[in-house]
Amino acid sequence: MKNYLSERARKLAPYTAGEQPKDRKYVKLNTNENPYPPSPKAAEVLHSFDAESLKLYPAPDSSALCAAIAAAEGVEPENVFCGNGSDEILALCLPAFFDEGGEGAAFADITYSFYPVFCRFFGVPYTQIPLEEDFTLDLEKLTRASAQGVIVANPNAPTGIGISLPEIENFVRENSGRVVILDEAYMPFFGQSAVPLIRQYKNLLVVKTFSKGYSLAGMRCGYAVGDVSLIDGLCRCKDCFNSYPVDRVCQAVCAAAVSDGAYYAQKNALVISERERLSDALRALGFQVLPSKSNFVFARHGRLAGREVYEGLRARGVLVRWFDKPRIADFVRITVGSPEENAALLYALSELVR
Ligand code: PMP
């Protein structure tokens, strides 16, 4: 039969998202969703949404949402760009800031595995800097890499390790000749955002999401904060691809969410304290747990292989993420769930370990 796909489509190696199974009910700790519901103010906006308004297209530039984000982040609305999930924004960064077949992008070897997928999709070469033995990133090595721009996830995924704000500032300064894209998807669980630096450093773009810290993964919304020239680059690319990436419901709900910082500060503090409790309990079961600053932990057992832990938990109704990749195949990534979910995980693990 004739193959109608382009050569490009045939050659793609797409990103594999964490599974969202429908066969049975799992304790789902595999995709780093927040265990707590969205803010009641966001829920209220959703419940009272004017359905008739949906006959009209949304604001193409998400202007009201950008204004709400700007107020929460202490920047100007023109410093904010909104997209259909931060994945979409990270993807747009490639054509916006990197030349096809140019000097390329540099990032860690163990980091968000969507970065190399985006690079290949947009024909941007990339260099991967190996993390150190303890899975920290030596920023000096990234600074020395020859590249048109660099991408850093802080805290990193799937390791969960965070880099302090002073170290990030030094790194952004030392890379002033090129764009620094900071993926702060998990920053709500660390609290050292580099957003205040965007005024001083025109090369810095901070990318954030509503999926984790705002409990709105199902809404699909993310945003970037940076100098107007970087925001303009993203807008130019967006308008060559999808003029209306953020729908009306999403703009309204996310604007309400971002304006309810007090609610999320309280819920995310619970996630953080649960993360510490979970890390200690895993250590007591014989796991090495990397020091996490995010809403998940990355852990390996002294005796059990990563695959055994993943499969053993799955058989007991608990889903975690396992990456069959060099250096990390013995680890599993476990989302910090509610106290009940974490208790179910620990119970299943104690059976497995025995
Ligand atoms: N960055 C990192 C490091 C992530 O783990 C994720 C979630 N998979 C994202 C970005 C994308 O998040 P979203 O598209 O839901 O905003």
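Whatever order the structure lists them in is the order used to number ligands and atoms, beginning at 1. Note: hydrogens, waters and symmetry copies are ignored here, and every other heavy atom, side chains too, is used. Index from 1, following the sequence.
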Seminar exercise, completed: Ranked by distance from atom 8 (N) of ligand 1, the top protein heavy atom is Y112 OH, 3.1 Å
Exercise. Does ligand 1 have any atom sitting under 4.0 Å from a heavy atom of E88?
Worked result: no
Problem set entry | Per-atom contacts of ligand 1 with A185, taking only distances under 4.0 Å to non-hydrogen atoms | 1 (N), 2 (C), 10 (C)
Problem set entry | For S211, atoms of ligand 1 separated by under 4.0 Å from a heavy atom | 13 (P), 15 (O), 16 (O)
Problem set entry | F114 and Y112 aromatic ring geometry - parallel, tilted or perpendicular at 30°/60° bounds | perpendicular
For this session: State plainly whether the residues D330 and R300 are in salt-bridge range, i.e. N to O under 4.0 Å.
Result: no
Exercise. Which protein non-hydrogen atom lies closest to atom 14 (O) of ligand 1, naming both residue and atom, and how far is it?
Worked result: R220 NH2, 2.8 Å
Problem set entry | Salt-bridge contact E274-R277 (side-chain N to carboxylate O under 4.0 Å) | yes
Problem set entry | Proximity of Y126 and F107 rings by center, below 6.0 Å | yes
Exercise. Between K22 and Q20, what is the shortest heavy-atom contact and its length?
Worked result: NZ-O, 3.6 Å
Problem set entry | Part of S86 with heavy atoms under 4.0 Å of ligand 1, whether side chain, backbone, both or neither | both
Exercise. Should G222 be listed as contacting ligand 1, given a heavy-atom distance under 4.0 Å as the test?
Worked result: no
Exercise. Would the F331 and F135 ring centres measure less than 6.0 Å apart?
Worked result: yes
Exercise. Quick one: does K208's side chain get under 4.5 Å of S86's, heavy atoms only?
Worked result: no
Exercise. Taking atom types as modelled, is there a side-chain donor on N32 or Y186 under 3.5 Å from an acceptor on the other?
Worked result: yes
Problem set entry | Nitrogen or oxygen atoms of T209 and ligand 1 under 3.5 Å apart | yes
Problem set entry | Interfacing atoms of ligand 1 (cut-off 4.0 Å, heavy-atom, G85) | 14 (O), 16 (O)
Exercise. N/O to N/O below 3.5 Å, does that happen between Y186 and ligand 1?
Worked result: yes
Problem set entry | Closest to atom 3 (C) of ligand 1 among D87, T111, D183, N156 (heavy-atom distance) | D183
For this session: Please report which non-hydrogen protein atom sits nearest to atom 7 (C) of ligand 1, along with the residue it belongs to and the distance in Å to one decimal place.
Result: K212 NZ, 3.3 Å
